[in-house]
Amino acid sequence: MIPTVSVAEIAQYEGQEVKVHGWVTHKTGKGKLLFLRIREGSGFIQAVIFRPNVGDERFAKAKSLTQESSVILVGKVKKDQRAPGIPGGYEIDVSDIEVLQIAEPFPIAPKAHGVDFLLDQRHLWLRSRRQWAILRIRATVIREIRNWLDDNGFVLMDTPILTPSAAEGTTTLFETDFHGTPAYLTQSGQLYNEANIFVFGKVYCFGPTFRAEKSKTRRHLQEFWMVEPEIAFASLEDLLEIEEQFVSHVVQSVLQKHPQELELIERDVNKLESVVPPFPRISYDEAVRMLHAGGFPDFAWGGDFGAPHETYLTEQFDRPVFVHHFPTEAKAFYMEPEPERPEVCRSADLLAPEGYGEIIGGSERMSDPEKLLAAIRKHNLPEEAYDWYLDLRRYGSVPHGGFGLGVERTLAWICGLPHVRETIPYPRLLDRFYP
RNA sequence: UCCUCGGUAGCUCAAUUGGCAGAGCGGUCGGCUGUUAACCGAUUGGUUGUAGGUUCGAGUCCUACCCGAGGAGCCA
């Protein structure tokens with residue numbers, strides 16, 4: 001019985017006869033010698049077919065294979081430095097071939113293509129090595145997010161995707177129908193997690209988030225994944241320490257587990273190796289002063305940063321940087337104002353280096369019921385919709401805080417990608433949701 | 001919603017002042033015993049985004065529209 005093996009573990013089978021099943025990604029050759037490169041799932045491997053070894057019939061069959069044809073190969077595993085692939089260095093000296101299907105001409109050739117074309121072919125584009133590498137790193141990022149939180153006392157709480165809240169601008173929410181009542185796809189599980197901390201202390205939710213904004217930029221998706229930890233009794237200072245440990249763990253784990261993928265996508269890993277605590281902390285006031293001195297003399301205190309501002313600020317540091325104490329007016333209603341200086345709030349964003357911008361937004365939450373009610377009224381929010389939220393401040397209210405980390409922006413930064421559209425298998429962009 | 005750029009073969013692009021619509025890749029056929037997006041030879045391939053207009057003649061100029069990209073606004 002010949003074992004069917006995964007390419008990732010091919011080194012264990014050196015000298016043995018094995019079966020490898022997969023898809024043909026490249027075919028080249030030289031007369032009686034034919035080279036196939038096979039994508040198997042766990043990796044890529046070269047197969048060598050030599051006509052005198054396999055006979056004319058099998059050789060002709062191999063020669064008829066087209067890009068993306070599906071095959072089962074039988075052959076001996078040989079070590080050879082010349083063999084390309086991932087992990088590479090090994091090849092299959094083929095003795096027999098079973099052709100499952102000769103693929104029709106594949107639209108995506110091994111060459112440069114335009115974005116429009118590739119996004120229309122996303123279901124096929126995923127088969128390219130680059131997408132394979134990015135999405136494997138994505139899986140690790142998600143796993144390490146969970147691992148770190150699970151290992152540090154956080155309890156997973158799944159918050160609803162269908163929500164009743166018509167709260168603020170419904171224009172940014174996707175509306176759907178809940179048996180005759182308008183319902184909205186979630187923008188955040190935070191408010192629910194503020195309830196959950198009273199049971200578990202430290203919780204997180206992790207799921208898809210939906211934004212119907214007409215945003216058409218390299219860092220916006222209509223549907224993206226966000227992890228939102230929420231912690232009872234946490235101050236802003238506690239949050240920042242948690243965040244820098246958390247983000248560093250994710251980055252260092254990717255470095256450790258995916259050197260080959262990072263090399264394939266040509267990521268400069270030096271820029272990730274420096275991502276260790278502590279991260280620099282600057283106040284919003286300091287950030288504004290830096291902008292004024294750094295070529296943005298007109299930036300007015302009180303506004304949110306635009307993309308060029310974030311890029312400038314992050315270029316001043318070799319690791320992510322916290323900007324804390326944003327103007328209260330510019331932030332959400334539930335953020336706790338600084339007691340001595342209520343025009344700023346106990347909030348902090350984490351900006352990723354190299355111009356990748358905000359990957360975390362977080363804050364201490366208002367814990368006083370009177371102040372929270374006043375804030376809801378000041379923002380013209382429907383009081384009745386927040387009745388349950390105010391309950392949380394009536395029954396054993398405690399200081400608490402939390403943050404949300406966007407998976408795709410984080411992954412775009414870790415992988416050094418110019419656009420978030422490659423960080424999720426099927427991106428939902430403005431006016432584009434096929435396939 | 002606004003600004004800028006773009007749409008020509010399956011893909012990536014070229015086409016001079018308005019004057020015969022082309023190349024590379026891919027596909028097909030043939031050749032080659034170490035290829036790495038191989039190479040060599042042959043061959044296949046077109047409603048120039050859509051509709052209208054100007055002109056002897058439009059890929060090229062004009063008008064409207066459609067689609068896409070980058071950015072802005074927006075983005076608890």
Side-chain angles (χ1 to χ4, degrees), chain A residues 25-37 44-53 59 63-64 66-68 78 80-85 88 91 93 102-121 124-125 128-130 165 167-169 171-173 186-191 194 209-222 224 226 228 303-308 310 326 328-335 345 347 349 357-358 361-363 365-366 375-376 379 381 386 389 402-404 406 409 418-419 421 429-432 434:
Chain A
T25 64
H26 299 263
K27 182 180 73 175
T28 179
K30 208 159 183 186
K32 300 190 186 75
L33 191 60
L34 192 67
F35 298 95
L36 300 176
R37 266 183 276 164
F44 297 77
I45 192 163
Q46 173 162 279
V48 185
I49 298 133
F50 188 41
R51 187 154 76 186
N53 290 355
F59 191 79
K63 222 177 159 184
S64 73
T66 55
Q67 187 184 350
E68 292 301 324
K78 287 174 73 172
D80 192 316
Q81 283 306 312
R82 294 170 296 186
E91 61 190 21
D93 188 11
I102 300 288
E104 294 176 27
F106 196 62
I108 303 176
K111 56 167 285 192
H113 290 280
V115 171
D116 183 33
F117 173 76
L118 288 171
L119 284 171
D120 283 341
Q121 312 286 335
L124 302 178
W125 186 21
S128 73
R129 284 185 310 164
R130 188 178 169 77
S165 163
E168 294 167 66
T171 53
T172 67
L173 296 168
T186 182
Q187 266 196 116
S188 164
Q190 178 201 318
L191 303 191
E194 287 189 60
T209 298
F210 305 89
R211 303 267 166 105
E213 291 142 14
K214 303 283 185 198
S215 296
K216 190 177 168 180
T217 80
R218 62 184 66 208
R219 32 183 153 179
H220 285 90
L221 291 166
Q222 304 284 295
F224 64 98
M226 185 160 69
E228 295 175 279
D304 216 340
F305 301 129
E310 286 185 352
F326 277 86
T328 307
E329 291 284 333
K331 288 290 181 181
F333 73 93
Y334 52 71
M335 294 190 179
C345 59
S347 59
D349 287 354
E358 182 186 344
S363 73
R365 323 302 191 191
M366 247 181 227
I376 287 170
H379 282 79
L381 301 176
Y386 289 94
Y389 189 62
F403 61 94
R409 285 185 184 181
H419 199 297
R421 65 189 160 213
L429 300 159
L430 188 62
D431 297 327
R432 186 192 276 282
Y434 174 91

With a non-hydrogen cut-off below 4.0 angstrom, is [X] in contact with a base, only sugar-phosphate, or nothing?
X	result
G404(A)	nothing
F50(A)	base
D304(A)	nothing
R51(A)	nothing

Base-pairing mate for [N] - Watson-Crick or G-U, with both contacts under 3.5 Å:
N	value
rG46(B)	none
rU17(B)	none
rC74(B)	none
rU60(B)	none
rG34(B)	none
rG6(B)	rC67(B)

[atom1]-based separation of [M] from [N] [nearest Å]:
N	M	atom1	result
rC61(B)	rU55(B)	C1'	10 Å
rG26(B)	rU12(B)	P	15 Å
rG59(B)	rU44(B)	P	24 Å
rA38(B)	rC32(B)	C1'	11 Å
rA76(B)	rG52(B)	C1'	50 Å
rU60(B)	rG41(B)	P	35 Å

Kindly say whether, by distance alone, the side chain of [X] makes a donor-acceptor pair under 3.5 Å with the base of [N]?
X	N	answer
K216(A)	rA72(B)	no
E91(A)	rG34(B)	yes
Q46(A)	rU35(B)	yes
S215(A)	rC74(B)	yes

The residue, K78(A) or H113(A), whose nearest nucleotide of RNA chain B is more 5′ is H113(A)
Does OP1 or OP2 of [N] have a side-chain N or O of [X] closer than 4.0 Å?
X	N	answer
H419(A)	rG70(B)	yes
R211(A)	rA76(B)	no
R219(A)	rC74(B)	no
K30(A)	rG34(B)	yes

Exercise. Salt-bridge test for D80(A) and K78(A): reply yes if a basic N is under 4.0 Å from a carboxylate O, no otherwise.
Key: no
query = The side chain of R432(A) lies closest to which of these nucleotides: rA76(B), rU33(B), rG68(B)?
reply =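 Nearest nucleotide to the side chain: rG68(B).
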